[in-house]
Peer 1: 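Sending over a structure as structure tokens; questions will come in a sec.
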4 protein chains.
Amino acid sequence: MARLIDEGKIQRIKLATIQLVVQNGYGGASISSIAKRAGVAEGYLYRFYSSKQELVTELLYSQVARIVGKLESLLNTCTSTREVMTQLIGELFRMGTETPEEIRFIYVLMHDYNFQVSDLQRQHIKGLIDKVISIGIANGELNSRISAEEAYGMVIIYPIEFINLRMKGFFGIKEWTTEEQNRVAEFSINALK
Amino acid sequence: MARLIDEGKIQRIKLATIQLVVQNGYGGASISSIAKRAGVAEGYLYRFYSSKQELVTELLYSQVARIVGKLESLLNTCTSTREVMTQLIGELFRMGTETPEEIRFIYVLMHDYNFQVSDLQRQHIKGLIDKVISIGIANGELNSRISAEEAYGMVIIYPIEFINLRMKGFFGIKEWTTEEQNRVAEFSINALK
Amino acid sequence: MARLIDEGKIQRIKLATIQLVVQNGYGGASISSIAKRAGVAEGYLYRFYSSKQELVTELLYSQVARIVGKLESLLNTCTSTREVMTQLIGELFRMGTETPEEIRFIYVLMHDYNFQVSDLQRQHIKGLIDKVISIGIANGELNSRISAEEAYGMVIIYPIEFINLRMKGFFGIKEWTTEEQNRVAEFSINALK
Amino acid sequence: MARLIDEGKIQRIKLATIQLVVQNGYGGASISSIAKRAGVAEGYLYRFYSSKQELVTELLYSQVARIVGKLESLLNTCTSTREVMTQLIGELFRMGTETPEEIRFIYVLMHDYNFQVSDLQRQHIKGLIDKVISIGIANGELNSRISAEEAYGMVIIYPIEFINLRMKGFFGIKEWTTEEQNRVAEFSINALK
DNA sequence: AATGAATGAGTATTCATTCAT
DNA sequence: GATGAATGAATACTCATTCAT
């Protein structure tokens, strides 16, 4: 009977990759350092990913999917844009607190032209953002002429940028309060009014 | 009596570097590819820059300085935050139209941990943002509790992100109208109200 | 389960390095030429040595250690300076016959400012030379005012220089007889009388 | 009327080359650093020397010639080997005191296989050494079976090695007294008795 | 199945040399 | 004559990938 694939190893590979990409950038995260940190052989990675690029792409995909999934579930339960955005931004800040490496990972790669989000994922995001907008318009919360791009920038990009600015300590401080978190949501909503 | 330094070559090196960093990221822009595209010998770069890192850092510095300089001059002539932001965002869009690679260059490197803006430049930016805020508060345009980080995110980061989202065609469209440009300014101002 | 490290390859790297340093000096012995001669990939060297400098240093260390070790063991068994020196010089000539590249390797690097013998090794040599001297004085073979430096020059340096002069054919001849070998010992002993 | 060649520049090139080769080795003495230190343009060197190799070779030649010339003149004035050797070693130590870089220069290059003394110079040296020997034998100072090589090693090589050992501080001390200098001569003479 | 030995194309950088001025 | 701008082959070193075990 064939041994089962050791999920622990795969998890360790994923974790090590995220940590090392965040710490040293894509170029600085070598397969050998990833394998060493994950406690697996270098060659082992290639059983699951055909290249370093694929490994990182897949991880980026699943990290983005996590946020997208959250937005999707919020759209099923919330009745106002304000609620959606407050919750979503809350989730982003929670990620920043609990698994800072994961949000940093997205942050580091989202401007790298080698790592575009897949077309499918983009379509999906577009659909969800459209939903956010139509709820907002229906509720009179949003300016009826808001575009998906504008909303996406405010609802997703701005919060991620803000959190990372803070985590980097660009203006000196590295922590945040619940109040500040709520202000970010407030800004986004105000912006799109 | 020796040849004069060919300024054209230096310009071509700068241009090639910006283009290739934009296309392939810092890691993907090799000295050999830069030299080839600039039509100079590989070693020639090192007459002006002591390393690849210095070359890119210097280019980033001057691109950032361009935007910072614009903000600075606006603060000397404008009397309201609205005016400052409208003009600044206008400038960013102008860059996006006229020299799209340059704004992309900033966009690509601003998330790269190898390329932090220098402390001096950061201090400078902080000072200017503080000025924007105090004008806004004095004029009753801005919420009096706005932090520098929040303002920076809205005034600088959001517009850059928006322009790049559009230039990438993330939501399908790659051009923009003056009207859309003004809306971005409007969002920023609304956000910080 | 992975391949075993091929010790032959390491041996070939060592041999190739010694040969090429002897032929072309440290600067002229490029990693690429070493790898080619050893029949291994360029990168392979770096699995065992972190730099070219380390590779050569380590080889020099072990070659010097061989001679130093011989001297040390002679000091444990011989009862006169004459015996020590005759035997040591015999050993140096044996090296010159059997593994001429190795003694040439020492010869080439001992004047290279990049390759000082380690402090530890120097201390060790100093101690041994002191012992040679004290045996010689006790036996009435050596002038009691001989310094370590003077002895070192005669006991180690002069023979190495002589052998290499001969191997180079500086004065036309490249071979030597046992008689000549004994004369070298005789000179050294006479010098220090 | 053609300008005369500026001898000062050539002298400065020679000096700079010797200093930089001694300090950094042949490889570390770049044409650009030599030119800079000499205060001439890089290209200027190539008017007199067709390559870096030739420049250094020529300097080595003339440094060796200086010592050989001294030996030659001593052979015309001295009547005993003892006198020749005492004076010659005196000269070597004088070089070590007055122009240490020059004797170091010889020391550094004399083991470098890229810089063999020319055949002509070797022949010349051979002739002189033969003369030293025949004077010594005639005077009853030297063992009649001494070879040129043996004498060369003792008369030239050993003193150069000794001085450099001392200048390097291999055994801790870097200075020398006249007495020590005379002992070196004594050793050489004793050795060849 | 899993390892890690081995590869070699690729990297940034240096520097002796050439030659337009 | 003299300069120093410009070259490009060569250097030490890295690392994603392959594959024998």
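Keep in mind that this is a model prediction, so the values were computed, not measured. Note on naming: letters A, B, ... go to the chains in the order of the sequence lines (proteins, then strands), and numbering restarts at 1 for each one. Heavy atoms only: backbone and side chains are in, while hydrogens, waters and symmetry mates are out.
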Peer 1: Looking across every strand, which nucleic acid part, if any, lies under 4.0 Å from C:Ile31 by heavy atom: base, sugar-phosphate, or nothing?
Peer 2: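 Touches sugar-phosphate only.
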Peer 1: Is B:Lys9 near enough to F:dT7 that one of its side-chain N or O atoms lies under 4.0 angstrom from OP1 or OP2?
Peer 2: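 Answer is yes, contact under 4.0 Å.
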Peer 1: Does OP1 or OP2 of E:dT13 have a side-chain N or O of B:Tyr46 closer than 4.0 Å?
Peer 2: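 Checking B:Tyr46 against E:dT13: at least one side-chain N or O falls below 4.0 Å of OP1 or OP2.
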Peer 1: Would A:Lys52 and A:Tyr26 count as a cation-pi pair here, with the cationic atom under 6.0 angstrom from the ring centre and within 45° of the axis?
Peer 2: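 Yes, a cation-pi geometry.
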Peer 1: Before you tell me yes or no, could you show the steps for D:Tyr107 and D:Lys168 under side chain to side chain contact (heavy atoms under 4.5 Å, CB included), namely the whole-Å CA-CA distance, both residues' side-chain angles and the distance that decides it to 0.1 Å?
Peer 2: CA-CA 11 Å; D:Tyr107 173 79; D:Lys168 270 196 217 174; 2.9 Å; yes
Peer 1: Could you tell me the separation between the CD atom of C:Glu42 and the C1' atom of F:dA12, rounded to a whole number of Å?
Peer 2: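 Those two atoms, CD and C1', are 9 Å apart.
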Peer 1: Could you go through the side chain to side chain contact (heavy atoms under 4.5 Å, CB included) check for A:Met110 and A:Phe115 one step at a time?
Peer 2: CA-CA 7 Å; A:Met110 83 185 177; A:Phe115 295 97; over 6 Å; no
Peer 1: Specify the separation, in whole Å, of atom CD1 of B:Ile10 and atom C1' of F:dA5.
Peer 2: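 My rounded result for the distance is 11 Å.
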Peer 1: Which nucleotide, F:dT11, F:dA10, E:dT17, lies nearest any side-chain atom of C:Ser30?
Peer 2: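 Between F:dT11, F:dA10, E:dT17, the one nearest the side chain of C:Ser30 would be F:dT11.
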Peer 1: Among F:dC19, F:dA12, E:dT3, which nucleotide sits nearest the side chain of C:Lys52?
Peer 2: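 Nearest nucleotide to the side chain: F:dA12.
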Peer 1: Starting from C1' on E:dA2, measure out to OH on A:Tyr49 and report it in whole angstrom.
Peer 2: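 That distance rounds to 17 Å.
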Peer 1: Using both distances under 3.5 Å as the test, list the Watson-Crick or G-U wobble partner of E:dG8, or none.
Peer 2: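 When the pairing criteria are applied, F:dC15 turns out to be the nucleotide that pairs with E:dG8.
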Peer 1: In Watson-Crick or G-U wobble terms, both distances under 3.5 Å, what is the partner of F:dA20?
Peer 2: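 Because both required distances fall under 3.5 Å, F:dA20 counts as paired with E:dT3.
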Peer 1: In this structure, how many angstroms lie between the C1' atom of E:dT18 and the OH atom of D:Tyr44, rounded?
Peer 2: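 After rounding, the gap between these two atoms is 18 Å.
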Peer 1: Working note: B:Leu109 + B:Gln63, criterion side chain to side chain contact (heavy atoms under 4.5 Å, CB included); need CA distance, chi angles, decisive distance, verdict.
Peer 2: CA-CA 11 Å; B:Leu109 293 179; B:Gln63 292 305 324; over 6 Å; no
Peer 1: Please work out if B:Leu4 contacts a base, only the sugar-phosphate, or nothing of the nucleic acid, heavy-atom cut-off 4.0 Å.
Peer 2: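 Result for B:Leu4 = sugar-phosphate.
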Peer 1: NZ of C:Lys36 versus P of F:dA10: gap in Å, rounded?
Peer 2: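 It is 10 Å, rounded to the nearest whole Å.
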Peer 1: Could you check how far CZ of B:Arg3 sits from C1' of E:dA20, rounded to whole Å?
Peer 2: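 B:Arg3 atom CZ is separated from E:dA20 atom C1' by 5 Å.
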Peer 1: What is the distance, to the nearest angstrom, from the CG atom on C:Leu45 to the P atom on E:dT7?
Peer 2: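 Between P of E:dT7 and CG of C:Leu45: 10 Å.
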Peer 1: Would you indicate whether C:Tyr61, at its atom OH, is surrounded by more than 12 heavy atoms from other residues, nucleotides or ligands within a distance under 6.0 Å?
Peer 2: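 No, because the 6.0 Å sphere around OH of C:Tyr61 holds 12 heavy atoms or fewer from other groups.
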Peer 1: Name the residue closer to the 5' end of DNA chain F, choosing between B:Ile5 and C:Ser51 according to the nucleotide with the nearest heavy atom.
Peer 2: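 With B:Ile5 and C:Ser51 compared, the 5'-side residue is B:Ile5.
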Peer 1: Taking for each residue the nucleotide of DNA chain F with the nearest heavy atom, is it A:Ser32 or B:Phe48 whose nucleotide lies nearer the 5' end?
Peer 2: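 Closest to the 5' end, via its nearest nucleotide, is B:Phe48.
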Peer 1: Measure the distance from CZ on B:Arg47 to P on E:dA16 and round it to the nearest whole Å.
Peer 2: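 Interatomic distance, CZ of B:Arg47 to P of E:dA16: 14 Å.
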